[in-house]
Participant: 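Dropping the structure in here first, questions after.
As the structure lists them, so they are numbered: ligands from 1, and atoms in each ligand from 1.
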Amino acid sequence: MSDEAYDLADLHERAEDARVVVVGAGIGGLVAAREIAKLGIGVTLVDAADAPGGAIRSARVAGLMLDLGAESFATRGDHVERLLDDLGLADEVVTPGTGAGGAWVAGVPGVGAAPLPVGGILGIPANPFADDVRRVLGWRGVWRAYLDRIRPVLTIGHARSLGELVGSRMGAKVRDRLVAPVTTGVYSATADDIDPDIAAPGLNAAVTRAGSLSGGVAALVADRQVAPGGAVRGLRGGMGRLVTALVDDIVELGGEVRPGVRALAIERADATEPEDPEPIDDAEQSPRAWRVTLADEDALAADAVIVATEEAPARRLVAPIADGLAADPPAPGPAIAIVTLVVRSDALDAAPRGTGVLTVPGSHRAKALTHTTAKWQWVADEAGAGVHALRVSFGSADGPPATDGLSAADAATLALAEASALLGVDLDRTALIASRVERFAQSQPASTIGQAERTRSARAAIRSAPTIGAVGAWLAGTGLAQVVPDAIAEADRIRRAVLFPESD
Ligand SMILES: Cc1cc2nc3c(=O)[nH]c(=O)nc-3n(C[C@H](O)[C@H](O)[C@H](O)COP(=O)(O)OP(=O)(O)OC[C@H]3O[C@@H](n4cnc5c(N)ncnc54)[C@H](O)[C@@H]3O)c2cc1C
């Protein structure tokens with residue numbers, strides 16, 4: 001269509017008159033609000049918490065700026081790096097330290113802790129005879145894993161469950177000692193619940209081609225279809241800088257960011273009685289399609305609403321106005337607690353467990369530990385020798401965090417004991433300089449069996465109301481690299497629905 005088909009002055013006016021409310025200022029809501037504001041559309045972003053950022057939380061602990069939630073992003077797709085570049089933060093992107101070695105696995109029966117073998121996918125080794133694999137599996141485990149190479153592929157390479165695929169091909173030891181620590185530590189899910197087609201696209205087909213699982217893994221890694229270990233980056237000064245930059249940009253573009261404001265409901269404006277005297281805190285020129293009711297305040301009127309909360313509040317807000325969306329999550333996601341510890345310990349200067357530890361499920365109360373000062377040089381530089389930051393993670397699909405119900409001091413004591421065991425270094429209360437406990441509701445991982453279908457039907461239901469959008473990890477999948485591009489795409493859909501309502 002030619003430019004003349006549009007009245008550009010009219011378009012500009014439409015954008016200026018339009019108003020979009022975004023509920024939830026996690027990374028999804030922030031990115032969506034910025035995309036809306038870029039066109040000059042009025043945007044108000046509200047968040048129930050005291051500060052924006054959602055699962056991205058940076059704060060000072062014992063004077064050190066630390067990430068208490070998300071601490072990195074996957075380079076996959078380049079989406080987050082492009083966003084950081086756009087916000088002038090490209091020079092602040094940092095790579096995790098490799099000097100300390102990679103991650104370890106702890107709680108291996110009869111072995112204790114050992115370096116997590118390198119070069120596999122989701123913990124599945126490409127070569128069962130590699131020294132680092134043998135150290136974790138023992139000879140019997142290695143020979144059992146090798147049977148995979150000589151047994152024919154019976155199921156023409158289409159397993160639905162990662163745990164079943166690995167267990168049947170390479171044995172229980174590969175599943176329990178190598179794969180389960182990764183699925184639990186990284187996805188908060190059991191290996192049995194993970195769909196290999198989503199977690200490792202191409203793996204099932206590679207298994208059929210190669211005739212074995214380890215051969216399929218080797219072929220995929222060689223083809224570079226899957227980066228071994230998955231490349232991640234961080235931000236000098238903490239991921240919170242991304243949140244601050246997004247908020248600043250939204251405000252500069254004329255938008256409004258309001259933390260401490262909880263949305264209670266979204267209603268069609270025409271559902272309100274015409275004589276309803278309740279004021280709307282927005283000088284109205286024309287009637288707007290939606291009313292967003294807020295706790296402790298009246299309401300915001302909007303032409304479109306983007307819901308960017310976690311799954312449970314998102315469903316509660318959208319279910320009454322979207323055909324066929326259930327008000328409750330079909331499968332609630334796991335709760336996670338992260339205990340951040342700043343400790344004094346000369347023994348940790350040597351990074352005895354590399355950048356951190358994943359645990360064999362059931363072997364410890366913590367599921368993972370990150371040795372932050374070994375992983376991120378900028379934190380080590382701030383801390384100085386002998387002072388270390390650790391993140392101890394609790395909670396997974398198997399159960400709530402072991403810190404639930406504990407006071408902050410008791411949670412710190414538990415985390416300190418777990419850190420001592422996982423790092424093989426004695427850390428008692430006298431080593432502790434400061435601690436902080438944060439709790440998060442995670443969404444169901446996108447790679448959980450059946451999740452792709454649940455997400456598809458939720459999106460379809462939400463789109464039954466063309467000026468209602470939804471973004472965030474519960475729809476896009478966990479992680480910044482998933483949420484950012486999805487939020488950009490959804491905001492674009494909503495911008496168009498607002499500016500060109502006639503095209504619906
Ligand atoms: C501990 C932890 C560590 C992680 N580490 C990484 C990592 O290193 N790298 C990575 O890529 N990903 C990581 N992730 C995942 C990643 O952080 C998330 O996938 C992503 O940040 C989710 O963003 P979101 O916008 O979907 O939602 P959230 O960040 O969950 O934000 C939702 C927001 O909605 C608000 N809200 C809820 N209800 C209402 C309401 N009624 N009214 C107003 N506001 C409301 C909440 O207060 C919250 O701020 C981690 C997640 C956790 C929990």
Participant: Would Pro313 count as a polar contact of ligand 1, with the cut-off being nitrogen or oxygen pairs under 3.5 Å?
Facilitator: no

Participant: Which heavy atom of the protein is the closest neighbour of atom 11 (O) of ligand 1, given with residue, atom name and distance?
Facilitator: Leu480 N, 2.9 Å

Participant: Using a strict cut-off of 4.0 Å, indicate which atoms of ligand 1 neighbour a heavy atom of Ala49.
Facilitator: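 Answer, ordered by atom number: 47 (O).
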
Participant: Pull out every atom of ligand 1 sitting under 4.0 Å from any heavy atom of Gly28, numbered as shown with elements.
Facilitator: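 Ligand 1 atoms under the 4.0 Å threshold to Gly28: 25 (O).
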
Participant: Closest by any non-hydrogen atom to atom 32 (C) of ligand 1: pick that one out of Ser188, Ala74, Ala308.
Facilitator: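 The option holding the nearest heavy atom is Ala308.
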
Participant: Just one of Asp47, Asp296, Thr44, Leu294 clears the side chain to side chain contact (heavy atoms under 4.5 Å, CB included) bar with Val261, so which one?
Facilitator: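 Filter result, single survivor: Leu294.
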
Participant: Considering only the protein, which heavy-atom contact is closest to atom 31 (O) of ligand 1, and what is its distance?
Facilitator: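 Looking only at protein heavy atoms, the one closest to atom 31 (O) of ligand 1 is Gly26 CA, 3.4 Å.
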
Participant: Please indicate whether any nitrogen or oxygen in Gly29 is less than 3.5 Å from any nitrogen or oxygen in ligand 1.
Facilitator: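 No, since none of the N or O atoms of Gly29 sits under 3.5 Å from an N or O of ligand 1.
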
Participant: Any salt bridge linking Arg463 with Glu490? Criterion: basic side-chain nitrogen under 4.0 Å from a carboxylate oxygen.
Facilitator: yes

Participant: How far is atom 23 (O) of ligand 1 from the closest protein heavy atom, and which atom is that?
Facilitator: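 Ranking protein heavy atoms by distance from atom 23 (O) of ligand 1, first comes Ile27 CG2, 3.5 Å.
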
Participant: Just to confirm my output: which protein heavy-atom neighbour is closest to atom 39 (C) of ligand 1, and how far is it?
Facilitator: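 Here the closest protein heavy atom is Thr309 CG2, 3.6 Å.
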
Participant: Does Ile338 approach ligand 1 within less than 4.0 angstrom via side chain, backbone, both or neither, non-hydrogen atoms only?
Facilitator: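 The part of Ile338 near ligand 1 is the side chain, not the backbone.
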
Participant: Using a 3.5 Å cut-off on N or O atoms only, is Ser72 in polar contact with ligand 1?
Facilitator: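 N/O-N/O distance below 3.5 Å exists for this pair.
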
Participant: Check whether any side-chain heavy atom of Pro329 sits under 4.5 Å from a side-chain heavy atom of Arg315, and report yes or no.
Facilitator: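 In contact.
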
Participant: Can a salt bridge be assigned to the pair Asp303 and Arg288 using a cut-off of 4.0 Å between side-chain N and carboxylate O?
Facilitator: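 Answer for the salt bridge query: yes.
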
Participant: Looking at Arg60 and Glu382, is there a salt bridge between them, counting it only when a charged N and a carboxylate O are closer than 4.0 Å?
Facilitator: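 Counted as a salt bridge, because a side-chain N and a carboxylate O are separated by less than 4.0 Å.
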
Participant: Nearest 0.5 Å, please: how far is NE2 in His388 from CD1 in Ile433?
Facilitator: 9.5 Å

Participant: For Ala374 and Gly354, work out which heavy atoms get closest and say how close.
Facilitator: CB-O, 3.6 Å

Participant: With heavy-atom distances below 4.0 Å as the criterion, list the atoms of ligand 1 near Thr478.
Facilitator: 15 (C), 19 (O)

Participant: Specify the closest pair of heavy atoms between Leu348 and Val343, including all atoms of both residues, with the distance to one decimal.
Facilitator: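 Smallest heavy-atom distance, with atoms named: CD1-CG2, 3.9 Å.
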
Participant: Which protein heavy atom lies closest to atom 33 (C) of ligand 1, and at what distance to 0.1 Å?
Facilitator: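 Here the nearest protein heavy atom works out to Asp47 OD2, 3.5 Å.
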
Participant: Do any N/O atoms on Gly477 end up under 3.5 angstrom from N/O atoms on ligand 1?
Facilitator: no

Participant: Taking the minimum heavy-atom distance to atom 41 (N) of ligand 1, which of Gly54, Gly260, Ala263 ranks first?
Facilitator: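 The residue whose heavy atom sits nearest atom 41 (N) of ligand 1 is Ala263.
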
Participant: Considering only NZ, NE, NH1 and NH2 on the basic side and carboxylate oxygens on the acidic side, decide whether Arg496 and Asp492 come within less than 4.0 Å.
Facilitator: yes

Participant: Give the residue, atom name and distance (to 0.1 Å) of the protein heavy atom nearest atom 44 (N) of ligand 1.
Facilitator: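 It is Ala48 N, 3.0 Å.
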
Participant: Could you list which atoms of ligand 1 come closer than 4.0 Å to a heavy atom of Gly69?
Facilitator: 3 (C)

Participant: Please report, to 0.1 Å, the donor-acceptor pairs under 3.5 Å made by any side chain of residues 469-484, with sequence neighbours excluded.
Facilitator:
residue : atom : partner : partner atom : Å
Gln482  : OE1  : Arg76   : NH2          : 3.0
Gln482  : NE2  : Ala476  : O            : 3.3

Participant: Crowded around Glu453 CD? As in, over 12 foreign heavy atoms under 6.0 Å?
Facilitator: yes

Participant: Between Ala70, Gly479, Ala473, Ala476, which one has a non-hydrogen atom sitting closest to atom 5 (N) of ligand 1?
Facilitator: Ala70

Participant: Specify the protein heavy atom at minimum distance from atom 29 (O) of ligand 1: its residue, its atom name, and the distance to 0.1 Å.
Facilitator: Ala55 N, 2.8 Å

Participant: What protein heavy atom sits nearest atom 37 (C) of ligand 1, and how far away is it?
Facilitator: Glu310 OE1, 3.1 Å

Participant: Taking only heavy atoms of Gln442, which atoms of ligand 1 are found under 4.0 Å from at least one of them?
Facilitator: 51 (C), 52 (C), 53 (C)

Participant: Within the 4.0 Å heavy-atom shell around Val261, which atoms of ligand 1 are there?
Facilitator: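 Listed by number with element: 43 (C).
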
Participant: Does at least one non-hydrogen atom of Asp67 fall below 4.0 angstrom from an atom of ligand 1?
Facilitator: no

Participant: Taking all non-hydrogen atoms of both residues, which atom of Leu416 and which atom of Leu427 are closest, and how far apart?
Facilitator: CG-O, 3.7 Å

Participant: I'd like to know if Arg459 pairs up with Asp486 as an ion pair, taking the criterion as any Lys NZ or Arg NE/NH1/NH2 lying under 4.0 Å from an Asp or Glu carboxylate oxygen.
Facilitator: yes

Participant: Only heavy atoms of Gly472, strictly under 4.0 Å: list the atoms of ligand 1 that pass.
Facilitator: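 Once the distances to Gly472 are compared, the set is 26 (O).
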
Participant: Any chance you could lay out the side chain to side chain donor-acceptor pair (under 3.5 Å) test for Ser447 and Asp195, step after step, and finish with the verdict?
Facilitator: CA-CA 5 Å; Ser447 48; Asp195 181 343; over 6 Å; no

Participant: Could you tell me which atoms of ligand 1, counted from 1 in the order shown, lie closer than 4.0 angstrom to a heavy atom of Val23?
Facilitator: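 Once the distances to Val23 are compared, the set is 42 (N), 43 (C).
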
Participant: Salt-bridge test for Arg391 and Asp67: reply yes if a basic N is under 4.0 Å from a carboxylate O, no otherwise.
Facilitator: no

